[in-house]
Number of protein chains: 2
Amino acid sequence: MSRPTIADIAKRVGVSKGAVSFALNGRPGVSEATRARILQVAKEMNWRPHSAARALGGARAEAVGLVIARPASTLGVEPFFAHLLSGLQAGLSAQSVALHLLVVEDAEAEIEVYRGWASEHRVDGFVMVDLKVRDPRIEALEEVGVPTVVLGGPGRHGSLSSVWADDREAMLSVVDYLAALGHRRVAHVAGLPAFRHTQRRMRALRDSARRLGLVDAVSLPTDFSDAEGAAATRALLSRARRPTAIVYDSDVMALAGLGVAAEMRVRVPDEVSIVAFDDSVLTRIAHPSITALSRDTFALGRQVAEVLLEVIADPARHLDVKTATPRLVVRESTAAPGLGRDD
Amino acid sequence: MSRPTIADIAKRVGVSKGAVSFALNGRPGVSEATRARILQVAKEMNWRPHSAARALGGARAEAVGLVIARPASTLGVEPFFAHLLSGLQAGLSAQSVALHLLVVEDAEAEIEVYRGWASEHRVDGFVMVDLKVRDPRIEALEEVGVPTVVLGGPGRHGSLSSVWADDREAMLSVVDYLAALGHRRVAHVAGLPAFRHTQRRMRALRDSARRLGLVDAVSLPTDFSDAEGAAATRALLSRARRPTAIVYDSDVMALAGLGVAAEMRVRVPDEVSIVAFDDSVLTRIAHPSITALSRDTFALGRQVAEVLLEVIADPARHLDVKTATPRLVVRESTAAPGLGRDD
DNA sequence: TTGGGGTACTAAACCGCTCTAGTTGCCGGA
DNA sequence: TCCGGCAACTAGAGCGGTTTAGTACCCCAA
């Protein structure tokens, strides 16, 4: 026989549908004895709520949405993304909330999906990632009126809540560290300039260069791919006055850069130091292992989930959470310029 | 004002709810003129179907489920997984079907989620991954009665459809290649022995060793982590008669193995050749780059999605799709066993 | 003229659950 | 004895669609 409904339970126990509903939802209106009997029978019949029926009455969908506008084929490349997803899952599954995931072509399609899922009550909230410099999604999501947490900032996310890491401070700490080692020519292989965090990192490098008197502090934008990361590295290392340290905006690019250095017979860290934003297995198992800004993306994802659940519980709230600033994990890929020849 | 319903449209156009439903779903029962008028008004009012209401009536959920029983924190490590997810997305989003994703602790919880989502009509089908040797999930899913595609095989997935790659054939091709280069001592750093595909690879290595007269053809099981991959490599390279070639069950472990070799001053590929199952950026950007079995995981994911959509469309069907056998991409990490030749 | 059959449409049941507005029965107090 | 009040429970109206049964009307053949 097919799934039992509360009507079946009601008939069997000999009470009304309403009584069963009250009992199952733990609300007053039934005696303890009756409640126990109802729960017992519900269990025996292996009853489960029909989420659609609940949703019709205006209840929660018990799911949140994550829509990503990237070519699906590049998603897999980013350990960052996978970790974030894991963290989100961890935070959500604690409250048995599922994640509705969709990859679309562009921001326009993304906004369409927001509208659709919201009005179909498919989800209770959204997580928005890849905050752009002037981002049309912000306005769209505000209009849609569904609780949302933006991953990125600070600022520029309108009335939406956000969770952000201080990219500026992180970059400053990297440059300070390199400067303290004695580096004067620090280059930066950046990510997509359309991203807000890329801009903040580039600006931080410029500011620090001025403050510390560094020269040739240049940022080369890329698309985050290993190919462009390698190309940028090749360009930098081919310069007459090549940088003594390179900061990469992702672990994949740093690893690609390391490969290029080896191929060009530029020794790491003796002749060039390498630092990666974003830590992962990649930086640990590379040889030499790569000094990286470690930011526990898993925890970040979980935090995003928690904030979102809070905002869903009380839509009037507006949270703006700053996460721990990435911590620099020093490994074998950095050293004072021109020194060290321990190999 | 809140979302318009078909009743609102009906009132505005001056017809009944039923007529509106017929018009919006493109079924007979209304004249072309009326249909056009209804569609026009629906568009003006920016109407969207309420998925919960549809689901109540027994319609599709337009979503499929993927439940993974792994500690969420290890998910991100596997490029394989991320690629698979991307491919799934690509296949599903072509028909605007969303992916309901959940990470749970163990197989038991996984089965609970299958039961739950199925009876709540949250999804139209499931994708099952990580096929184990004697897998209780198979029976559970058959009982649940929701269209499912198992990633893995061949065989041992009951009445469920499946998509599988020939791991045996793949391993044979690797060993043949190594034997042809002159290798006689081939080791295998395997994955979790509970996985069916791990078993098949181990058996294939044993069979091939017998056929080709290889010695010391040993498989060391691991948990797929870079740590255990490194440890296994260290153990193998410390042997008195160490292997001249090592096959790794994942790209991450191969990269970790490469690191260990460098650290132990065992030259690759001069003293030991390295081959990875599963290709990704990692194997390409490593230095030296790693010879790998490339299997286009993205395409695999898309194929799974397509098969699932087919089975959902016609639940009576049973598909069993064998994907292209992984192709060996030779890079810098393999060569004839030159130095340290001591047979 | 009748009647059969097709088309275009309406009314209402139905899906499974929630929630409000009763209704019943019992108790205690005046 | 009557009545108010409360706890326990019932009846039934939604929620937003789909779908079935039924109706009104028209056309055409007998």
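To find a chain, count down the sequence lines: A is the first, B the second, and so on, and within it residues start at 1. The structure displayed is predicted, hence computed values, not measured ones. Note: hydrogens, waters and symmetry copies are ignored here, and every other heavy atom, side chains too, is used.
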Between the base of C:dG16 and the side chain of A:K17, is there a donor and acceptor pair under 3.5 angstrom? no

For B:S161 and B:R317 the tightest heavy-atom approach is OG-O, 4.2 Å

C:dG16 phosphate, OP1 or OP2, under 4.0 Å from A:T5 side-chain N/O: no

- prompt: Would you say A:W47 reaches C:dG16's phosphate, i.e. side-chain N/O to OP1/OP2 under 4.0 Å?
  reply: no

May I ask you to verify if any side-chain N or O of A:S31 is less than 4.0 angstrom from the OP1 or OP2 atom of D:dC9?
yes

Taken to the nearest 0.5 Å, the spacing of B:F298 CZ from B:Q89 CD works out to 9.5 Å

| Presence of B:R48 side-chain N/O under 4.0 Å of D:dG16 phosphate oxygens OP1/OP2 | no

To the nearest angstrom, the CG-P distance between A:L24 and C:dG16 comes to 15 Å

From the candidates C:dT10, D:dA13, D:dT18, the one with an atom nearest any side-chain atom of B:I6 is D:dT18

Test your reading of the model: is there a side-chain donor-acceptor pair from A:R48 to the backbone of B:A118, 3.5 Å cut-off? no

The bend of the helix from C:dT1-D:dA30 to C:dA30-D:dT1, taken between the axes of its five terminal pairs at each end and rounded to 10°, is 70°

Whole-Å distance, A:I9 CD1 to C:dT18 P, equals 11 Å

Rounded to whole Å, CZ of A:F22 lies from C1' of C:dC19 at a distance of 6 Å

Of B:H50 and B:G18, the one whose closest nucleotide on DNA chain D sits nearer the 5' end is B:H50

Ranking D:dG17, C:dC17, C:dT18 by distance to the side chain of A:S21, first place goes to C:dT18

task: For B:V15, answer base if it contacts any base atom (sugar-phosphate contacts may also be present), sugar-phosphate if it contacts only those atoms, and nothing otherwise; contact means non-hydrogen atoms under 4.0 Å.
output: sugar-phosphate

**Item:** Parallel, tilted or perpendicular: ring planes of A:F224 versus A:H197, cut at 30 and 60 degrees
**Value:** tilted

Under 3.5 Å, side chain of A:T297 to main-chain N/O of A:L300, donor-acceptor pair present?
no

| said: Check this for me, if you would: do A:E62 and A:R54 make a salt bridge, where the nitrogen-to-carboxylate-oxygen distance has to be below 4.0 angstrom? | reply: no

* Asked: Do the side-chain N or O atoms of B:R54 get closer than 4.0 angstrom to the phosphate oxygens (OP1, OP2) of D:dG16?
  -> no

Report task. Mind telling me whether B:W117 and B:H100 have parallel, tilted or perpendicular rings, with 30° and 60° as the class edges? Result -> perpendicular

- Task: Select base, sugar-phosphate, or nothing to describe what A:P49 touches, counting heavy atoms under 4.0 Å on all strands.
- Result: sugar-phosphate

Looking only at D:dT19, C:dA11, C:dG16, the nucleotide nearest the B:R27 side chain is D:dT19

From CD1 of B:I38 across to C1' of D:dG17 the rounded distance in Å is 14 Å

